[in-house]
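Remarks on the structure that follows.
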Amino acid sequence: MNQTAPFGPSRSIILIGASTGGTRVLAEIIGRLPRLPACIVIVQHMPAFINASFVQTLSRSTPAEVRLARHGDRLHDGLILLAPSDLHCTLIANRSICLAPGAAVNYVCPSVDLLMQSARKQVGLQLLIGVLLTGMGKDGAAGMLHIRNLGGFTIAQNRGSCAVHGMPAEAVNLGCVDVELPPLSIARLLEAKTTGLQHHAADAPAARLRSADLAR
Amino acid sequence: MKTVMIVDDEPSLAQVVSQFLRKWNYDVVTASNGVGCLAHMRNGFQGVILMDVAMPELNGWQTIRALKNEDLLGKSLVCMLTGLEPAGDQAGLEDCVFDYLVKPFRFEALDEMVSSAFDLLRP
């Protein structure tokens with residue numbers, strides 16, 4: 001994989017969902033990551049008036065390009081896209097972003113479930129990772145199940161580090177979570193998975209790693 | 001000036017939290033329940049709201065629902081500061097609660113939560 005090509009399609013896609021307490025956790029995770037050979041798309045439930053300041057906060061902490069997603073954006077390595085509030089954000093053929101107004105799903109718009117459920121099994125996609133962080137309700141749980149059913153890898157924030165464990169707990173209850181980790185370990189694991197490093201975050205006491213293989 | 005509203009029916013806790021917030025250079029206003037909170041919001045409050053859940057008249061979830069329905073949240077962020085974890089009565093408010101801290105809490109955690117909220121409220 002060419003890790004330096006700025007506009008080639010990403011072969012590794014990381015989809016992250018978060019709600020209550022999520023902005024601090026995302027800042028911690030993104031701030032620990034180098035520019036990854038992957039594209040990250042984030043749905044964080046939040047009011048629209050903090051969209052821009054949150055993008056700035058994330059941008060300050062990472063060498064990656066961070067910006068608010070726009071309709072038609074192409075996914076490429078080293079890019080981190082944040083879904084704007086009040087529009088559903090989905091992937092088109094794993095290659096580009098679709099933003100569209102729509103009814104709330106799980107009481108929210110954008111919905112983590114819709115984003116994750118738009119991922120497709122596709123030739124050339126080497127790595128698909130779903131990450132579900134702190135938040136009330138159940139948004140994202142069905143999306144994590146979808147990613148797991150596609151053969152992707154799923155990470156839930158562990159209970160002890162969540163402001164609210166509702167969303168990750170729903171995914172765990174569906175039996176579709178490969179590993180539960182605190183934020184720092186999530187960052188380490190994302191780096192290891194996407195850069196092909198052999199070490200991973202199994203040093204975290206709360207880790208429940210299964211023999212899930214990203215390439216399966 | 002950065003202003004924090006404490007909505008809590010326990011005067012002793014509200015007082016201690018107020019002292020710390022003022023020490024950290026925040027302005028503080030208080031309300032002993034959701035009715036008081038709504039009054040502050042109707043008077044144009046903007047800032048961070050620290051909301052308890054179990055309160056007389058209007059509890060925390062009922063208050064947030066009223067703020068949402070009346071479109072009073074404006075450019076304020078709600079952080080729950082409560083002894084109760086979400087128990088299902090918050091359905092539909094998932095995108096209205098910015099952060100959550102369960103009592104008892106460390107004041108460092110409170111500082112981190114409030115400063116993080118104000119970091120995103122910057123103009």
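Sequence lines set the chain letters: A, B, ... in the order given, protein chains first and strands last, and positions in each chain run from 1. Model, not experiment: these values are computed from the prediction.
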So OG of A/Ser111 and CG of B/Asp95: to nearest 0.5 Å the spacing works out to 11.5 Å

Between the CE atom in A/Met136 and the SG atom in B/Cys96, the distance rounded to the nearest 0.5 Å is 8.0 Å

(Q) I'd like to know whether CZ of B/Phe118 has more than 12 heavy-atom contacts from other residues, nucleotides or ligands below 6.0 angstrom. (A) yes

Of the listed A/Gly135, A/Ala104, A/Ala163, the one with the largest count of heavy-atom pairs under 4.5 Å with chain B is A/Ala163

Assert top hit (heavy-atom pairs under 4.5 Å, partner chain B, pool A/Gly166, A/Gly21, A/Cys109) equals A/Gly21

The interface call for A/Ser85 against chain B, heavy-atom contacts under 4.5 Å, is neither

For A/Ala169, the side chain to side chain contact (heavy atoms under 4.5 Å, CB included) test, sequence neighbours excluded, returns A/His165

Turns out that what part of B/Leu101 lies under 4.5 Å from chain A's heavy atoms comes down to neither

For residues 42-60 of chain A against chain B, heavy atoms under 4.5 Å, the residues are A/His45, A/Pro47, A/Phe49, A/Ile50, A/Ser53, A/Phe54, A/Gln56, A/Thr57, A/Arg60

Q) Would B/Glu94 and A/Asp139 satisfy side chain to side chain contact (heavy atoms under 4.5 Å, CB included), going step by step from the backbone distance to the final call? A) CA-CA 9 Å; B/Glu94 286 81 354; A/Asp139 192 34; over 6 Å; no

Those residues of residues 18-28 of chain B that come under 4.5 Å of chain A on a heavy-atom basis, listed by number, are none

Those residues of residues 70-83 of chain B that come under 4.5 Å of chain A on a heavy-atom basis, listed by number, are B/Gly74, B/Lys75, B/Ser76, B/Leu77

